[in-house]
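All values reported here derive from a predicted model rather than from experimental measurement. Protein chains get the first letters and strands the later ones, always in sequence-line order, with residue 1 at the start of each.
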Amino acid sequence: MEAQLNELKTHALDKIAAASNVKELNAVRVAYLGKKGPITDLLKGMGKLPAEERPKMGALVNVVREEVTARLEERMAILEEQAINEKLQSETIDITLPGRPVKSGNAHPLTRVIEEIEDLFISMGYEIEEGPEVEKDYYNFEALNLPKGHPARDMQDSFYISEDILLRTHTSPVQARTMEAKGGEPIKIICPGKVYRRDNDDATHSHQFTQIEGLVIGEDIRMSDLKGTLSVFAKKMFGEDREIRLRPSFFPFTEPSVEMDISCFKCGGEGCNVCKKTGWIEILGAGMVHPNVLEMAGYDSKRLTGFAFGMGPERIAMLKYGIEDIRHFYTNDVRFLSQFQRTEV
Amino acid sequence: MLVSIKWLKDYVNTQDLPPAELGEKITRAGIEVDAVIDRSEGLSNIVVGHVESCVKHPEADKLNICQVNVGEETTQIICGAPNIAAGQNVIVARPGARLPGGMKIKKAKLRGEESNGMICSLQELGIEGKLVPKAYAEGIYVLPENAEVGSDVITNFDLDDTVLELGLTPNRADAMSMLGVAYEVGAILEERVKLPEITYKEAEDKASSMLTLNIDSPEANPLYVAKVVRGIEVKESPMWLQQRLMAAGVRPHNNVVDVTNYVLMEYGQPLHAFDYDLLETGNITVRHAKKDELITTLDGNERKLSLNNLVITNGEKPVALAGVMGGANSEVSKDTKTVVIESAYFESGSIRQTSKEHNLRSDASSRYEKGVDPNRVIPAAERAAQLLSELAGGEVLAGSVIFDQLQREEKVVNVSPDFINSRLGMKIRFDDMLDILNRLQFKTEAMNNQLMISVPTRRQDIQIEEDIVEEIARLYGYDEIPSTLPETATSPGGLSPYQQKRRIVRNYMEGAGLLQATTYSLTSEKSATQFAMKQTELTRLLMPMSEERSTLRQSLLPHLLESVSYNTARRIDSVALYETGSVFLKGQDELLNEEEHLAIAVTGLWLDNSWQGEKKAVDFFVVKGIVEGLAVKLDVELDFERGELDGLHPGRTAFITLDGRRIGVIGQLHPNEQKARDLKTTIVMELSLAELFKEQTEALVYTQVPRYPSITRDVALVLSKIVEAGTIEKLIRSAGGKLLKDVRVFDLYEGDNLEAGKKSVAFSLTYFDPEKTLTDEEVTAVHEKVVAALIESGAELRS
Ligand SMILES: [Zn+2]
């Protein structure tokens, strides 16, 4: 019987080793360890043995059963892993195929520039003011020290709707309106918006474009405050190492008036095609609010002073992103617009 | 304004600064130098030649064989100019010479004849054709008889000069003259200005013996000076004068006209010369024109005058349009013997009006419009008399014929140094301020810490204290201003609720996959009201540039659709754009009712993931979904009601309503409209942001996360096709009562397995009680009530 048992064990172990998958191994388990298997048979047949042999044989059978079970589990683990590996193998995908696209649009480049400027000034305590695009001649010109017949009206050929109503030629009427509404109180605002001029559309002119202006009025506002503010703006907008310079200029609503250049952000001042070899790029116009403008809006120009500045988001976007034709902003070519998807942090 | 540096040196020492450096200094001090033009750029080896002989080329009709003495030798040059002739002094580019544009002169053979150089026109030396005197415009330029043969043309005729092109702002009319520029340069370089010395011999006869003067409109013409010069010879001006005029951008004509233009450029004071004999009456009367009076101006145009126009007359008929242009009937010609030189002060408003009315601008009118210096009117007349006596051999009659009621005191501006420093945020020393005012040649008195500044009449732009602040600052240097930040006017800053919502919309739209577009507000009359929900009277421009941009839009969609077509025409088949912008509606007020709108236009595929078999074309529901999502973001309840709008598919259009007000529309483009725009299926949406943003959004308070499970029951119905799912949903909701939490359509079937005219819609109903776990029985009870209500309404249950 012991010999029989050993033979059985040898067979079982051979079968275990030969099983090539989980199913075959389970068959081996049933065949040898199952209720109808030979080991069970052996245990059942123990009754025929003499009583003194029974414990010894019982122990022997158990040893064999345990060994077979252990080897079977061992083998099972290997085969299971093998099965998983095969499954994984068969599930392999081509990870170079494209992902499911996430639909995502983006802001127009002018919105991008305007919001960047808005946010910058909001962080310095400015509010955003807006006004009508169809404006009264009074707010567009007269309240800004540009009475009828003023020579500077030449500079701004306008789209009139009637003698007194026109499409605003700049966002400055928002300043005039805000000053009138604030009734002599301090002001700190940014005014973005669309403006219109009688120009033929070409690579550098557009009959519709955008402007963004700033106005600060308070006690003892000085020209140095204007310079400092513009310097912060230039550094935040165009890079920390930007220098600014002011050049005298003329706007009817400011006195003194200046134009601001920044050191070229492309060449750093050495001279290149962006700065036309000068090292400087003209960015905006500014000045101290003309006392006539303050007085017209009901401010005491002896007590309160202010500064104002204005710039063109188109120009800034063109410089920043190297755009060569202003008409791109209004054509809405998807191949143009979608280039402004990415961030620039 | 074009400024010849050689000419400028007559009045001010430019310290021999290189032109670019001088230009930079002028720019930094306030007048922008747009260009620095080297007149001799690219020119070399160009000499005076004397044409000894000139014969026709035997082989070529239009060519001449000339023997030209060029100083060192006499050499043969072939010349094709029609005006070449023996005996002339001409400009010769010798072999090896360079001309503008990189042209290099070489010895050559023309039709078998040797040619050792080229006889040049002024255009070939780089002078603009419109500036070349008419006599030489079509051929070579002929130099004066006394030109030294063989000498260098460039240095002898002042072409070795640099011109600064000034971009003048309207306030700096003072710099529209050489003297004005000299004062500016003098202030910058700390040099004094040297005025022209005017001396000439007068005849014994008085000007007033030949000419009488009447001024009928002293308010428009408060000062009029006339000089009479007789016995003149009208001829070409000397080379130096011609060159200076050409450098200044003025075409030389003859010595009389050239002198008036020269003095105009020098003093900024417009002058006019009349032929005394053609005046006929020996009288000048300045008055306003009669209605429909006629004058033919020097440009050859006959003009019908209005009562606003100031005219110079001979007492009877107009002989000049005052301050704008002379009349042809009194024009100086080569036969003129006696001239009347007019120097006058005309009010700027009058000239501007006339110039605008006749669409006629001249060097004279552009200066009068901005205001001339009242103190230069008389000196300019004297200067012209001097030059005419020198250059035209004329005899200047004694004195002037003059009418003078012009106030011309200097404006006095009082300003304290503290004011200047407090405006600038600087600490400029008092002495430095005085020094700057002295450099500007402003007479200044200092008293009790107050500056009393007499501003010369040439600087009419300086009126108030702030103007002095600018003068001091720009000459002290803007680089010296420190950088500070405002100490007052502090506020927290930020966006208004409306502005915040606008940004929310923008971010939402972009998150939803739409690109932001920007289109024009001006459109054609035809498309101004297309797709507009609220159509009002059109708003047209008085003077549009084109019909395409003549009228203000009442809807964003026409231009947005144009942008879509622009892309599809470039084979970009799937386009998803949105725009926010104003539409312009006529209202009660004279200002328009500007309403900010949001518009969407989508075409092509909405979802394109073809390799995984996911492909979805745009349809009504794509855009409706975007609007519904937006409503959630903004916490508003939007409804959709079936409607029709021109240009949209009548079965696929809905109005978007808020509290019963129509605030928008959504729909598929009408097939005809799609065809006209060369578009495939395109869905559009437009709504009023102004309306959408009206209500303040309520504070967000969270509702407890459900503690008890919800139970879902489905019901599939067979309905008549004309019954809308929305109607059924409302029915379900009212029958379901409090426990019914949500209703969702999860299936729609229209097809063969159903009776004609029927459709099947399946709803999923979610029941929920926040207080407890619902039992099956409770749900069944409610659900059966719902089903009963549905059956009662005529719906069949689908088995
Ligand atoms: Zn550069």
Subject >> Residue, of Asn200(A), Leu230(A), Leu110(A), Ile128(A), that accumulates the most heavy atom pairs under 4.5 Å with chain B >> reply: Ile128(A)
Original post:
Crowded around Asp333(A) CG? As in, over 12 foreign heavy atoms under 6.0 Å?
Top reply: yes
Subject >> Best-contacting candidate, Glu465(B), Arg423(B), Met509(B), against chain A by heavy atom pairs under 4.5 angstrom >> reply: Arg423(B)
Original post:
Considering only heavy atoms, which portion of Tyr566(B) lies under 4.5 Å from any heavy atom of chain A: side chain, backbone, both, or neither?
Top reply: side chain
Original post:
If you count heavy-atom pairs under 4.5 Å with chain A, which of Gly349(B), Ala473(B), Ala29(B) comes out on top?
Top reply: Ala29(B)
**OP:** Decide, yes or no, whether a salt bridge links Glu115(A) with Arg502(B) under the criterion of side-chain N to carboxylate O below 4.0 Å.
**Re:** no
Original post:
Side chain, backbone, both or neither: which part of Gln353(B) has an atom under 4.5 Å from a heavy atom of chain A?
Top reply: neither
Original post:
What is the distance from atom OG of Ser158(A) to atom CG of Leu542(B), rounded to the nearest 0.5 Å?
Top reply: 11.0 Å
Original post:
Where on Arg28(B) is there a heavy atom nearer than 4.5 Å to chain A: the side chain, the backbone, both, or neither?
Top reply: both
Subject >> Proximity breakdown for Ile161(A) and chain B, heavy-atom pairs closer than 4.5 Å >> reply: both
Subject >> Toward chain A, the part of Ala173(B) with a non-hydrogen atom under 4.5 Å >> reply: neither
Original post:
So Phe159(A) and Leu522(B), side-chain contact (heavy atoms from CB on, under 4.5 Å) or not? Walk me through it.
Top reply: CA-CA 10 Å; Phe159(A) 286 121; Leu522(B) 286 168; 4.0 Å; yes
Subject >> Which of Arg172(B), Arg506(B), Lys356(B) touches chain A most, by non-hydrogen pairs under 4.5 Å >> reply: Arg506(B)
Original post:
At a heavy-atom separation under 4.5 Å, does Tyr196(A) approach chain B through its side chain, its backbone, both, or neither?
Top reply: side chain
Original post:
Within the distance-only criterion (no hydrogens, no angle test), does the side chain of Asn567(B) pair as donor or acceptor with the backbone N or O of Asn332(A) below 3.5 angstrom?
Top reply: yes
Original post:
More than 12 heavy atoms of other residues, nucleotides or ligands under 6.0 Å from NZ of Lys427(B): is that the case?
Top reply: no
**OP:** Identify the heavy atoms of Tyr478(B) and Pro256(A) that sit nearest to each other, and give their distance.
**Re:** OH-CB, 3.6 Å
Original post:
Considering only heavy atoms, which portion of Leu577(B) lies under 4.5 Å from any heavy atom of chain A: side chain, backbone, both, or neither?
Top reply: side chain
Original post:
What part of Tyr160(A) is in contact with chain B, defined as an atom under 4.5 angstrom from a non-hydrogen atom: side chain, backbone, both or neither?
Top reply: both
**OP:** Any chance you could measure Trp280(A), atom CH2, to Thr27(B), atom OG1, to the nearest 0.5 Å?
**Re:** 14.0 Å
Subject >> Per-residue contact mode, Asp608(B) against chain A (heavy atom under 4.5 angstrom) >> reply: backbone
**OP:** Below 4.5 Å from any heavy atom of chain B, which atoms of Phe121(A) appear? Answer side chain, backbone, both or neither.
**Re:** neither
Subject >> Gln499(B) side chain to Glu118(A) side chain, donor-acceptor N/O pair below 3.5 angstrom >> reply: no
Original post:
Among Glu127(A), Arg198(A), Met288(A), who wins on heavy-atom pairs under 4.5 Å with chain B?
Top reply: Arg198(A)
Subject >> Region of Pro98(A) that comes under 4.5 Å of a non-hydrogen atom in chain B >> reply: both
**OP:** Report yes or no: does Gln516(B) contribute a side-chain atom to a donor-acceptor pair with the main-chain N or O of His108(A) at less than 3.5 Å?
**Re:** yes
**OP:** Look only at the side chain of Lys103(A) and the backbone of Trp606(B), and say whether a donor-acceptor pair between them is shorter than 3.5 Å.
**Re:** yes
**OP:** Go through the atoms of Glu614(B) and report whether side chain, backbone, both or neither lie under 4.5 Å from a heavy atom of chain A.
**Re:** side chain
Subject >> Under 4.5 Å from a heavy atom of chain A, the part of Leu560(B) involved >> reply: neither
**OP:** Identify which part of Ser206(A) has an atom lying under 4.5 Å from any heavy atom of chain B, answering side chain, backbone, both or neither.
**Re:** side chain
Original post:
Ser366(B) versus chain A, heavy atoms under 4.5 Å apart: side chain, backbone, both or neither?
Top reply: neither
Original post:
Are the charged groups of Lys194(A) and Glu594(B) less than 4.0 angstrom apart, N to O?
Top reply: no
Original post:
Would you call Leu167(A) and Leu541(B) a side-chain contact if the rule is heavy atoms closer than 4.5 Å?
Top reply: yes
Original post:
If you count heavy-atom pairs under 4.5 Å between each of Glu130(A), His290(A), Met124(A) and chain B, which one has the most?
Top reply: Glu130(A)
Subject >> Proximal component of Asp261(A), with respect to chain B [non-hydrogen, under 4.5 Å] >> reply: neither
**OP:** Answer whether the closest heavy-atom distance between the side chains of Arg222(A) and Glu487(B) falls below 4.5 Å.
**Re:** yes
**OP:** Would you mind checking which part of Ser521(B) comes under 4.5 Å of any heavy atom in chain A, side chain (CB onward), backbone (N, CA, C, O), both or neither?
**Re:** both
Original post:
Does Glu470(B) offer a backbone N or O that forms a donor-acceptor pair with the side chain of Glu255(A) under 3.5 Å?
Top reply: no
**OP:** Give, as side chain, backbone, both or neither, the part of Arg549(B) having an atom under 4.5 angstrom from any heavy atom of chain A.
**Re:** side chain
Subject >> Straight-line distance of Glu32(B) CD to Glu282(A) CD, nearest 0.5 Å >> reply: 5.5 Å
Subject >> Pick from Thr111(A), Leu226(A), Ile189(A) with the largest number of heavy-atom pairs that fall under 4.5 Å of chain B >> reply: Thr111(A)
Subject >> Heavy-atom pair count under 4.5 Å with chain B, highest-scoring of Leu246(A), Ile190(A), Val134(A), Thr278(A) >> reply: Val134(A)
**OP:** Pick whichever of Gln612(B), Met545(B), Arg474(B) has the most heavy-atom pairs under 4.5 Å with chain A.
**Re:** Met545(B)
Original post:
Given that the side chain runs from C-beta out, which part of Ser301(A) has a heavy atom under 4.5 Å from chain B: side chain, backbone, both or neither?
Top reply: backbone
**OP:** Look at Val232(A), Asp164(A), Val334(A) and state which one has the largest set of heavy-atom pairs under 4.5 Å with chain B.
**Re:** Val334(A)
**OP:** Check each atom of Ala517(B) against the heavy atoms of chain A and say whether the ones under 4.5 Å are side chain, backbone, both or neither.
**Re:** both
**OP:** Measure from the side-chain N and O atoms of Thr484(B) to the backbone N and O of Ser224(A), and report whether any donor-acceptor pair falls under 3.5 Å.
**Re:** yes
Original post:
Taking 4.0 angstrom as the limit, do Glu480(B) and Lys227(A) come out as a salt bridge?
Top reply: no
**OP:** Count the heavy-atom pairs under 4.5 Å between each of Asn609(B), Ile481(B), Thr518(B) and chain A, then report the option with the highest count.
**Re:** Thr518(B)
**OP:** Counting only heavy atoms closer than 4.5 Å, note whether Glu243(A) contacts chain B via side chain, backbone, both or neither.
**Re:** neither
Original post:
Considering only heavy atoms, which portion of Ser338(A) lies under 4.5 Å from any heavy atom of chain B: side chain, backbone, both, or neither?
Top reply: both
Original post:
Going through the checks in order, is the ring pair (Phe, Tyr, Trp, His ring centres under 6.0 Å) test met by His559(B) and Tyr330(A)?
Top reply: CA-CA 10 Å; His559(B) 279 166; Tyr330(A) 297 94; over 10 Å; no
Subject >> Top of Ser563(B), Gly477(B), Ser546(B) for chain A proximity - count of heavy-atom pairs under 4.5 angstrom >> reply: Ser563(B)
Original post:
Which distance, rounded to the nearest 0.5 Å, do you find between the CZ of Phe251(A) and the OG1 of Thr169(B)?
Top reply: 9.0 Å
Subject >> Part of Ser496(B) lying under 4.5 Å from any heavy atom of chain A >> reply: neither
